[in-house]
Amino acid sequence: MTQGVRGTRDFYPEDMRIRNWLFDNFRNAARSHGFEEYDAPVLEHEELYTRKQGEEITQQLYNFEDKGERRVALRPEMTPSLARMVMARAGVLPTPIKWFSIPQCWRYERTQRGRGREHYQWNVDVWGSNALEADVELLSVLVNFFEGVGLTADDLVIKISSRKVLEEVLGSLGISGDAFAATCIIVDKMDKLSEDVVAAQLAEQGLGADAVTTIQSTLGVDDLDSLSAALGDDSAAVSELAGLFDLIDSYGIADWVAFDASVVRGLAYYTGPVFEAHDRAGQLRAICGGGRYDRLLSSLGGKDMPATGFGFGDMVIMELLMDKGLVPDLPSGNEDIVIAISEDLRSAAMSVASRLRASGRSVDLVLEDKRMKWAFRHAERTGAQRLVMVMPEEWAAGNVRIKNLESGEESDVAVGDL
RNA sequence: GCUGUGAUGGUGUAGCGGUUAGCACGGUGGGUUGUGGUCCCGCCGGCCCGGGUUCAAGUCCCGGUCACGGCCCCA
């Protein structure tokens, strides 16, 4: 009876303080880069997500039929909803569209440490710009967030590559279109699956063992010169990545990023630069991930608009922050506790509380007949700064007694001066 | 889909065949105090469900339910 649905979390006030702190940092980073917040319903038509087979995200849909016999799903990610919103007002919205959101996203899967059935995923996206500057701006948002919560470039790294790398490699092997997207999903799992399994899955796409070797050797590359050697001087992937890293230097965030050809991403819709942030120690799952997806709208039946963005879950980052001791101790936020010392002063206490509240204080009025002992313990537990006591003699003189709980000082203050 | 561990007051836990089932937090009443934080005392409140073994079962066995991990897989 006291348990929620499997894989879901309750946020008690002490948990909520931390969540709000995290979300505040998300918001600050996005706002400082000129992004505006939006939201969409957590429930969407199932068909919004039933696209490329093979994507984990579609296999793990938290879906069901509603009372009107409609197939619906709790959103597994925000991007399709965002695409829907943008598409609905394409041509009206001034570009570039720079929006962010912190949606709760759902998936139906076996629960594990750090993997529930719901999580909050900070999403930051730019629509309507082809420029690499837009992609780098996203990296700047990320770095700004990391710095905001006290993380450094020694703690984590943003690994960057481009879908074009794989596109060129697979293109040389004669793979394109839907087969390309399907192959991306398989290649994304390469470092987690055995070579045999990968080879078998690639064989289903019509690829041979030699192709596997070619893919693996290219993805093992971790500097641009080697990539250039592998793909040739006229490679669009190489020039794109070179341009990207020039801009990264301009932002002064080069310490935070590294080229890594093995970054592919499991979603089929990416088309250009892709990236993931990982802890340097390599202990945790990816902290966030994103990239350019210029052709998503056409897959939803609309006219394409260039777009780039990332998703950033709340669970892995909290594990990293806890490991690093960066989660702050947060007080309740209550500043004053107001208590009437006797029952007949209750209405007086209410007027005192109202005055304090009007002056902008966060005031917790003791609502019932509680003893002083309780008030002090309550103040201690909630981290309040002052105890405001409405006492008979003082009240008769037009005063209340205020005790500063940190210094222990106490004084009578005229009600008019509150 | 496979697998391991665990379920004891409201919360977190100790107890491993016989205990008045212990402790901490909490709630509540009181002592001390300046109607006053610390401190001290009293009280409230518990063995997941169903079978079985035993003179005796939180404790051992079987089944169920739920929870938490791991594997598979991966936003």
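Because the structure is a prediction, the values reported are computed rather than measured.
- On the C1' atoms, C25(B) is 23 Å away from U20(B), given to the nearest whole Å.
- For R401(A), no side-chain nitrogen or oxygen approaches OP1 or OP2 of U35(B) to under 4.0 Å.
- No more than 12 heavy atoms of other residues, nucleotides or ligands lie within 6.0 Å of OH in Y108(A), so this atom counts as exposed by the packing criterion.
- When distances run from any side-chain atom of R110(A) to the nucleotides A75(B), G37(B), C2(B), the shortest one goes to C2(B).
- In this structure, C39(B) and G31(B) make a Watson-Crick or G-U wobble pair, each of the two defining distances being under 3.5 angstrom.
- Under the side chain to side chain contact (heavy atoms under 4.5 Å, CB included) test applied with R386(A), the options I337(A), V363(A), L405(A), L356(A) reduce to a single match, L356(A).
- In this entry the distance linking CD1 of I341(A) with P of U33(B) reads 18 Å, nearest Å.
- The pairing partner recorded for A7(B) is U65(B), the criterion being a Watson-Crick or G-U wobble arrangement whose two distances lie under 3.5 angstrom.
- In this structure, CG of D412(A) is placed 13 Å from C1' of G34(B), rounded to the nearest angstrom.
- Ring centroids of F310(A) and W122(A) are separated by less than 6.0 Å, placing the two rings close together.
- Using a 4.0 Å heavy-atom distance criterion, L405(A) is classed as a base contact.
- Here the nucleotide nearest the side chain of K370(A), chosen from U28(B), G26(B), G36(B), is U28(B).
- Atom P of G45(B) sits at a distance of 29 Å from the matching atom of A56(B), rounded to the whole Å.
- Annotation: cation-pi geometry not satisfied between R107(A) and Y62(A) (NZ/CZ under 6.0 angstrom from ring centroid, within 45° of ring axis).
- Between U59(B) and U54(B), the distance separating the two C1' atoms is 13 Å to the nearest Å.
- Taking side-chain N and O atoms only, Q112(A) has a distance below 4.0 Å to OP1 or OP2 of C71(B).
- Nucleotide G69(B) holds its P atom 10 Å from the CD atom of E319(A), rounded to whole Å.
- E168(A) contributes a side-chain N or O that, together with a main-chain N or O of A237(A), makes up a donor-acceptor pair within less than 3.5 Å.
- Base orientation of G9(B): anti, the glycosidic angle falling outside 90° of 0.
- Look at C47(B): it lacks any Watson-Crick or wobble partner with both distances under 3.5 angstrom.
- Checked against the 6.0 Å centroid criterion, the rings of Y38(A) and F100(A) do not qualify as a close aromatic pair.
- One interatomic measurement links the two molecules: CD of E394(A) to P of G34(B), which rounds to 16 Å at whole-angstrom precision.
- Annotation: U13(B) and A75(B) have their C1' atoms spaced 36 Å apart (nearest Å).
- The separation between R381(A) atom CZ and G36(B) atom C1' is 15 Å, rounded to whole Å.
- The separation of G4(B) from C44(B), taken at their P atoms, amounts to 43 Å, rounded to a whole angstrom.
- Residue-level contact check: I287(A) touches the bases, meaning some heavy atom is under 4.0 Å from a base atom.
- The residue R75(A) sits apart from the nucleic acid: no heavy atom pair falls under 4.0 Å.
- Comparing G15(B) with A57(B), their C1' atoms are spaced 14 Å from each other, to the whole Å.
- Q60(A) has its CD atom 13 Å from the P atom of G1(B), to the nearest Å.
- Applying the ring-ring contact (aromatic ring centres under 6.0 Å, His included) criterion to F64(A), with sequence neighbours excluded, gives no partner residue.
- Base pairing annotation: G1(B) forms a Watson-Crick or G-U wobble pair with C71(B), both donor-acceptor distances under 3.5 Å.
- The CG-P distance, from D369(A) to G29(B), rounds to 10 Å in whole Å.
- What separates CD of E380(A) from P of G37(B) is a distance of 10 Å, to the nearest Å.
- For the C1' atom pair drawn from U8(B) and C47(B), the interatomic distance equals 4 Å after rounding to whole Å.
- By the 6.0 Å and 45° rule, R163(A) does not stack over the aromatic ring of Y270(A).
- The separation of G58(B) from C73(B), taken at their C1' atoms, amounts to 38 Å, rounded to a whole angstrom.
- Between G36(B), U38(B), C71(B), one nucleotide has an atom nearer to the side chain of R377(A) than all others, and that is U38(B).
- When distances run from any side-chain atom of R265(A) to the nucleotides U35(B), A75(B), G27(B), the shortest one goes to A75(B).
- Within the nucleic acid shown, R6(A) comes within 4.0 Å of sugar-phosphate atoms alone, with no base atom in reach, counting heavy atoms only.
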Using a cut-off of under 3.5 Å, enumerate the N/O to N/O pairs linking the protein to nucleotides 30-32 of chain B.
unit_1	atom_1	unit_2	atom_2	d
G30(B)	OP2	R371(A)	NH1	3.2
G31(B)	O6	K373(A)	NZ	2.3
U32(B)	O4	K373(A)	NZ	3.4

Evaluation steps, ring pair (Phe, Tyr, Trp, His ring centres under 6.0 Å), between W256(A) and Y251(A) | CA-CA 11 Å; W256(A) 294 83; Y251(A) 273 89; over 10 Å; no
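- Of all nucleotides present, none satisfies the Watson-Crick or G-U wobble test against G58(B) with each distance under 3.5 Å.
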